[in-house]
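Presented below is the structure to which this report refers.
Residue numbering restarts at 1 for every chain, and letters A, B, ... go by the order of the sequence lines.
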Amino acid sequence: MADRRYWLFKSEPTEYSFSDLLAEQDQTAEWDGIRNYQVRNMMRDEMKVGDGVLFYHSSAAPMAVIGTAQIVKEAYPDSTAWAPGDKHFDPKSTPDNPVWLMVDIQAGKTFSRPVTLQEIKAHPALQNMMLARRGMRLSIQPVAKEEWDELARLGG
DNA sequence: GCCAACGTTGGC
DNA sequence: GCCAACGTTGGC
């Protein structure tokens with residue numbers, strides 16, 4: 001796929017871990033709860049089936065990329081926005097006029113070792129990743145093909 | 001627990 | 001439309 005894009009998805013493993021994804025039926029999950037317009041727009045406008053995903057554990061020990069996944073369903077309305085009592089409930093979004101979107105991802109490879117944030121920051125070819133830069137808090141971030149290739153190599 | 005770096009909200 | 005106050009994220 002010539003125009004395949006690459007992404008990094010952050011998740012706190014105490015909320016949702018890569019192991020949780022592996023335990024899902026078909027190892028596939030809805031990536032719901034995104035409530036940031038910049039991330040929503042990337043999902044809506046740029047994310048395609050087949051795109052690569054680096055699965056990153058934040059606020060964890062270790063903070064690291066620990067596996068890959070791929071997009072298996074493109075952006076569609078996030079129904080948790082109008083689920084009463086849901087953690088991500090947002091009255092702005094309704095079934096008739098959905099504001100928030102989600103995608104589905106399926107687990108790919110489990111890395112043979114975690115590639116830590118520390119290592120990424122120290123790596124000449126990776127230290128320009130958004131993840132390694134100060135103040136870049138987007139929960140989904142674009143990744144360059146070269147970065148994807150190098151991380152996949154390091155994670156073996 | 002701290003706090004920098006954001007994004008969002010709401011008064012004006 | 002401006003911008004101060006507030007809330008959140010997430011590494012440290």
Side-chain angles (χ1 to χ4, degrees), chain A residues 5-24 29-47 51-71 74-105 107-144 146-148 150-156:
Chain A
R5 293 179 197 255
Y6 302 92
W7 309 94
L8 181 142
F9 281 36
K10 278 195 270 193
S11 187
E12 295 191 25
T14 53
E15 293 290 316
Y16 193 86
S17 70
F18 193 67
S19 298
D20 292 330
L21 178 60
L22 292 173
E24 302 274 6
E30 299 178 335
W31 204 258
D32 60 24
I34 296 292
R35 297 292 180 269
N36 173 284
Y37 287 103
Q38 208 175 333
V39 173
R40 180 205 65 181
N41 294 347
M42 285 194 297
M43 289 198 298
R44 183 190 60 197
D45 301 334
E46 300 178 48
M47 236 174 251
D51 282 4
V53 172
L54 296 168
F55 201 106
Y56 175 77
H57 279 174
S58 64
S59 299
M63 293 179 280
V65 176
I66 61 159
T68 68
Q70 50 272 336
I71 306 296
E74 285 165 23
Y76 63 105
D78 180 349
S79 55
T80 66
W82 51 79
D86 190 278
K87 183 181 177 186
H88 301 291
F89 176 78
D90 184 349
K92 283 196 298 291
S93 192
T94 64
D96 287 340
N97 192 16
V99 173
W100 301 116
L101 305 173
M102 59 186 172
V103 297
D104 289 1
I105 66 170
K109 290 183 61 176
T110 303
F111 279 4
S112 58
R113 67 175 183 91
V115 181
T116 64
L117 178 62
Q118 190 180 15
E119 182 176 357
I120 289 167
K121 283 183 163 177
H123 192 303
L126 299 177
Q127 60 195 196
N128 284 329
M129 289 180 70
M130 206 178 279
L131 182 70
R133 300 210 306 268
R134 187 161 186 69
M136 291 296 185
R137 299 174 312 156
L138 294 183
S139 60
I140 293 179
Q141 308 176 351
V143 171
E146 296 72 23
E147 294 164 347
W148 166 275
E150 181 62 6
L151 268 155
R153 191 184 71 78
L154 292 170

Any residue of residues 114-124 of chain A with a heavy atom less than 4.0 Å from an atom of DNA chain B: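 Nothing qualifies; none.
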
Are the side chain of [X] and the backbone N or O of [Y] linked by a donor-acceptor pair below 3.5 Å?
X      : Y      : result
A:R40  : A:V99  : yes
A:Q70  : A:A107 : yes
A:E15  : A:E12  : no
A:D90  : A:A81  : no
A:E146 : A:A125 : no

Is it the case that the ring center of A:W100 lies less than 6.0 angstrom away from the ring center of A:Y37? yes

Does [N] have its OP1 or OP2 closer than 4.0 Å to a side-chain nitrogen or oxygen of [X]?
X     : N      : value
A:Y56 : C:dG11 : yes
A:K10 : C:dG10 : yes
A:S59 : C:dG11 : yes

In whole Å, I'd like the distance from the [atom1] atom of [X] to the [atom2] atom of [N].
X      : N      : atom1 : atom2 : value
A:R137 : C:dG7  : CZ    : P     : 15 Å
A:M63  : C:dC12 : CE    : P     : 5 Å
A:L8   : C:dG11 : CG    : P     : 11 Å

